[in-house]
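Quick notes on the structure that follows.
So that the names make sense, note that chain A is the first sequence line, chain B the second, and so on, each numbered from 1.
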Amino acid sequence: MIENKENTNFIHQIIEKDLLEGKNDKRIHTRFPPEPNGYLHIGHAKAIILSFSTAEKYNGLCNLRFDDTNPMKEEEEFVKSIKENVKWLGYDWADRCYFASNYFEKMYDYAVQLIKKGSAYVCDLNGEEIRKYRGTPKMSGENSPYRDRSVDENLELFKKMRDGEFSTGEKTLRAKIDMSSSNMNMRDPIMYRIIHSEHHNTGNKWCIYPTYDWAHGLEDSIENITHSLCTLEFEDHRPLYDWFLDELNVYHPQQIEFSRLNLNYTIMSKRKLAELVENKYVTGWDDPRMPTISGLKRRGYTPEAIRDFVGRIGISKNEGVVDMALLEHCLRDDLNKKALRFMAVLNPIKVVIDNYPENQTEELEAINNPEDESAGKRKLPFSKELYIEKDDFMEDAPKKFWRLTVGREVRLRYAYFIKATSISKDENGEITEIHCTYDPETKGGNAPDGRKVKSTIHWVSAKDAIDTEVRMYDRLFSISNPLSDKEKSYLEFINPDSLKILENCKLEPNLKNINNGEAVQFERNGYFILDKDSNDKKQIFNLAVTLRDQWKKIQKNKK
RNA sequence: UGCGGUGUAGCUCAAUUGGAAGAGCGGCGGCCUUUGGAGCCGAAGGUUAGAGGUUCAAAUCCUCUCACCGCAGCCA
């Protein structure tokens with residue numbers, strides 16, 4: 001009855017119509033074309049996943065293409081990290097990793113073709129003059145005084161541009177379109193500019209470089225792309241994309257635009273993210289609080305969670321802001337099925353079981369993942385002195401607090417029922433120890449007489465615990481839209497609690513052998529991942545995302 | 001308002017293209033539970049930006065209005 005309409009969107013509808021009409025011999029070929037000028041973020045992940053998964057869905061291909069037309073901004077380092085990120089997200093471009101810069105010669109020939117047609121000319125105007133001649137959105141521009149140069153003169157000058165006879169910025173090659181067009185992009189756009197600068201791929205071979213508008217459609221055409229998917233800000237460029245390809249009379253892919261991803265409590269601007277890194281608000285591009293793909297990875301996000309997220313938000317031309325809660329939900333959803341569970345006490349307080357034999361240690365059995373029986377079981381050491389979470393004990397327990405308090409019995413997970421009998425305090429009135437008794441009959445966590453307890457808490461045997469540092473991460477910004485304030489900079493809204501370092505965490509000994517990069521669940525706390533800052537002497541875990549927490553909600557609602 | 005876009009539940013998207021406005025997330029309530037997790041169930045939530053028009057029938061077509069976004073780089 002309900003049709004399978006997963007992941008349907010307006011782009012797929014266009015594609016399905018094209019397929020039906022037999023366009024492009026029913027071939028589907030997309031591309032992901034980043035400029036290698038920085039690190040990728042979750043917004044790019046949306047584009048990557050859209051382009052690659054669309055190709056997958058229709059048995060097509062997707063190219064990875066570096067749009068490296070500006071030597072001033074691009075670096076090999078970024079090529080490397082972009083490749084890693086795309087691969088990590090789970091996509092394979094096979095042997096189709098291309099560079100726009102490898103098409104420079106071809107593009108040059110096409111430009112000569114346009115000059116010969118009288119559709120392009122060499123212009124001597126400088127930047128400021130070009131701006132003046134261009135006019136404004138509401139006011140028509142004026143023709144450049146160099147617009148009517150002869151074909152021969154243009155050919156000769158363009159050759160000289162290439163040969164390095166002019167200095168940076170001295171001349172440009174422009175398309176001859178319409179200086180009075182209502183679309184600013186059609187007012188004789190620049191096709192080539194002179195930049196005497198080394199290029200990461202072509203070195204010093206070229207000193208003229210194609211602009212995006214001239215290059216991009218050609219790149220798509222050369223690679224036989226069928227559907228060129230890009231973000232909304234290129235909508236106004238589509239007429240120009242089409243104009244170049246039509247003028248050249250070459251294979252003509254279709255450009256389709258969709259809206260960028262915006263997430264609340266973070267920012268997506270490359271420039272601003274760079275500012276966070278440069279001014280040390282974060283530790284680097286892969287800081288676990290960053291929305292970069294490498295940051296997300298280090299935070300404990302999985303490719304599956306990110307792909308699920310992108311699938312759920314859908315594709316449209318509507319510019320909205322997606323709730324971070326959805327991203328977090330997707331991570332929990334994925335990790336709940338996969339992550340092994342462990343006991344970890346983040347804010348420890350000592351529990352002494354007065355009636356438990358001194359020097360005795362037992363091994364108790366624990367389930368590794370209740371969602372996955374095949375994950376098996378493990379042994380937990382239990383002894384007289386334990387750590388439990390500070391928050392799991394309250395001297396004056398309020399209503400609905402079901403955890404430990406003096407006189408109440410709770411269950412230690414996989415172990416025994418214990419009852420708190422008294423507490424010791426230091427001179428400041430801080431609780432130092434909680435004294436309890438245990439019921440030997442309740443081993444494993446069930447009472448033979450059938451009595452129930454209201455809560456189950458986690459614990460770690462004191463003498464067996466591993467000491468570690470745990471980095472508790474929270475949202476980078478404390479308000480939903482850090483860019484919304486007209487007066488204040490987004491920097492003023494950085495969440496001061498976005499990182500809290502817990503130095504004195506006590507982990508169950510089994511965590512010693514955990515694999516790098518494998519997310520685990522600390523029971524009742526959340527999902528964590530071993531950080532790369534760990535070494536032989538010290539493990540460091542990052543909080544990926546907390547578990548949903550009813551008690552926290554009750555407390556919050558009280559306020 | 002020069003041109004180009006976008007307005008459907010708190011958020012993100014659907015609605016077989018003119019045929020009974022729906023899902024996921026969030027929030028709320030309940031059940032269950034050896035994670036206050038997970039899971040299950042339920043109700044709430046809509047003048048489809050607004051006004052007119054065409055039609056037996058409009059989120060969908062037409063007209064007007066409003067709000068928001070993009071465009072004046074030799075960036076992409």
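Atom P of nucleotide rA72(B) and atom CG of D236(A) are separated by 9 Å, given to the nearest angstrom. Between the C1' atom of rA76(B) and the CZ atom of R65(A) lies a distance of 12 Å, rounded to the nearest Å. Note: CG (L326(A)) to C1' (rC25(B)) measures 5 Å, nearest angstrom. Following rounding to the nearest Å, W402(A) (CH2) and rC32(B) (C1') show an atom-to-atom distance of 12 Å.
Contact annotation for E328(A): no contact, since no heavy-atom pair falls under 4.0 Å across all strands. Counting non-hydrogen atoms under 4.0 angstrom, Q521(A) reaches a base of the nucleic acid. Residue contacts for E523(A): at a heavy-atom cut-off of 4.0 Å it reaches a base atom on one of the strands shown. Among the protein residues, L261(A) comes within range of no part of the nucleic acid, since none of its heavy atoms lies under 4.0 Å from any strand.
No salt bridge links R238(A) with D242(A); every basic N to acidic carboxylate O contact stays at or beyond 4.0 Å. Salt bridge present: E304(A) and K338(A) bring a charged side-chain N and a carboxylate O closer than 4.0 Å.
Aromatic ring centres of F382(A) and W459(A): separated by under 6.0 Å.
Regarding contacts with the backbone of rC28(B), a side-chain N or O of K553(A) is found under 4.0 angstrom from either OP1 or OP2.
No option in K454(A), R451(A), R403(A) other than R451(A) meets the salt bridge (charged side-chain N to carboxylate O under 4.0 Å, His left out) test with E409(A).
Under the Watson-Crick and G-U wobble criteria, each requiring two contacts below 3.5 Å, nucleotide rG7(B) is paired to rC66(B).
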